[in-house]
Structures are given as structure tokens and as C-alpha cells.
Amino acid sequence: MQKPTGVYELPIREKYLISIKEAGAYFNIGSKKMRRLAETNEGGFALYSGNRYLICRPRFEEYLLKLMENTSEAAEVLEEDD
């Protein structure tokens with residue numbers, strides 16, 4: 001969809017790289033947790049560009065699927081916030 005200013009707006013599911021805020025909303029994860037995950041996984045699914053982190057949506061989806069396969073590791077990652 002094109003905005004009147006000439007900028008195209010894509011749905012998040014069609015974007016390859018998304019912001020921390022978009023990733024948090026899309027995956028239902030808090031912004032603080034998303035930022036911490038991005039900082040610890042830079043080069044894996046996170047890219048630091050300029051002054052912000054961008055999340056590679058397909059790679060982050062793979063990361064979440066791997067965490068779900070190993071539930072004990074997923075529990076450790078989620079408990080780090082507490």
C-alpha cells in the first residue's frame with residue numbers, strides 16, 4: 001500500500017528486516033526482552049544498523065522454533081528476565 005507521501009507500507013509478515021518494536025508486537029514479546037535478545041544474538045538474527053537493531057524475521061522464527069524444540073533451554077532464556 002502506498003501512502004500519500006510516496007512511501008510503501010508493507011505488512012510485517014512480508015518484511016525481511018523488522019525493528020525491535022515491530023518484532024515485539026509481531027511475536028508478542030516485550031521491547032526490553034527483544035532488545036536483550038538482539039544484543040546477545042547479534043550476527044545470528046539481529047543486525048546493528050546505524051543506531052538501531054533490526055531483526056531478521058525468518059531467522060528469528062527459526063530461533064524460536066529451535067527454542068521450542070529444546071524446552072529446558074527455552075525456560076532458561078525466559079527466566080533470565082525474572
Side-chain angles (χ1 to χ4, degrees):
M1 177 187 329
Q2 185 175 7
K3 291 184 175 182
T5 59
V7 176
Y8 286 94
E9 184 74 26
L10 289 175
I12 293 175
R13 68 180 180 276
E14 294 181 11
K15 291 182 179 182
Y16 186 72
L17 293 173
I18 56 179
S19 69
I20 295 282
K21 187 176 179 181
E22 289 172 326
Y26 187 74
F27 293 105
N28 199 25
I29 299 174
S31 295
K32 286 183 181 181
K33 180 64 178 176
M34 274 306 311
R35 177 165 294 284
R36 284 192 210 115
L37 287 171
E39 289 170 352
T40 58
N41 290 291
E42 190 173 338
F45 59 77
L47 168 72
Y48 191 72
S49 176
N51 63 349
R52 70 188 71 201
Y53 279 100
L54 295 173
I55 305 298
C56 180
R57 188 189 47 77
R59 284 190 179 182
F60 188 64
E61 288 172 353
E62 290 174 13
Y63 173 79
L64 290 177
L65 289 172
K66 286 179 186 177
L67 278 180
M68 289 172 60
E69 289 172 2
N70 187 354
T71 56
S72 62
E73 185 178 326
E76 289 175 13
V77 169
L78 294 175
E79 287 176 359
E80 287 177 2
D81 263 354
D82 297 337

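- Below 30°, between 30° and 60°, or above 60°: for Phe60 and Phe27 the angle between ring planes is above 60°, a perpendicular geometry.
- By the criterion of side-chain heavy atoms lying less than 4.5 angstrom apart, applied directly or through intervening Ile, Leu, Val, Met, Phe, Trp or Tyr residues, Tyr53 is grouped together with Leu64 in one hydrophobic cluster.
- In this structure a side-chain-to-backbone donor-acceptor pair under 3.5 Å is missing from Glu14 to Pro11.
- When all heavy atoms of Ile55 and Ser19 are compared, the pair lying nearest together is CG1-O, 4.5 Å.
- Considering every non-hydrogen atom in both Ile20 and Ser31, the closest pair reads CG2-O, 3.7 Å.
- Lys66 contributes atom NZ, which lies 8.5 Å from atom CD of Glu69 (distance to the nearest 0.5 angstrom).
- In terms of heavy-atom proximity, Ala23 sits nearest to Met34 at CB-CE, 3.7 Å.
- Transitive grouping of hydrophobic side chains (ILVMFWY, heavy atoms separated by less than 4.5 Å) brings Tyr63 and Ile12 into a common cluster.
- Tyr26 meets the ring pair (Phe, Tyr, Trp, His ring centres under 6.0 Å) test with no other residue; sequence neighbours excluded.
- Under a hydrophobic-cluster definition in which Ile, Leu, Val, Met, Phe, Trp and Tyr are linked whenever side-chain heavy atoms come within less than 4.5 Å, directly or via other members, Ile18 and Ile29 are assigned to the same cluster.
- The two atoms that bring Ala38 and Ala46 nearest to each other are O-CB, 3.5 Å, heavy atoms only.
- Under the side chain to side chain contact (heavy atoms under 4.5 Å, CB included) criterion, Glu62 pairs with no residue, sequence neighbours left out.
- Across all non-hydrogen atoms, the minimal contact from Leu54 to Ser49 is CD1-CB, 4.1 Å.
- Of the possible polar contacts, one joining the Arg57 side chain to the Lys15 backbone as a donor-acceptor pair under 3.5 Å is found.
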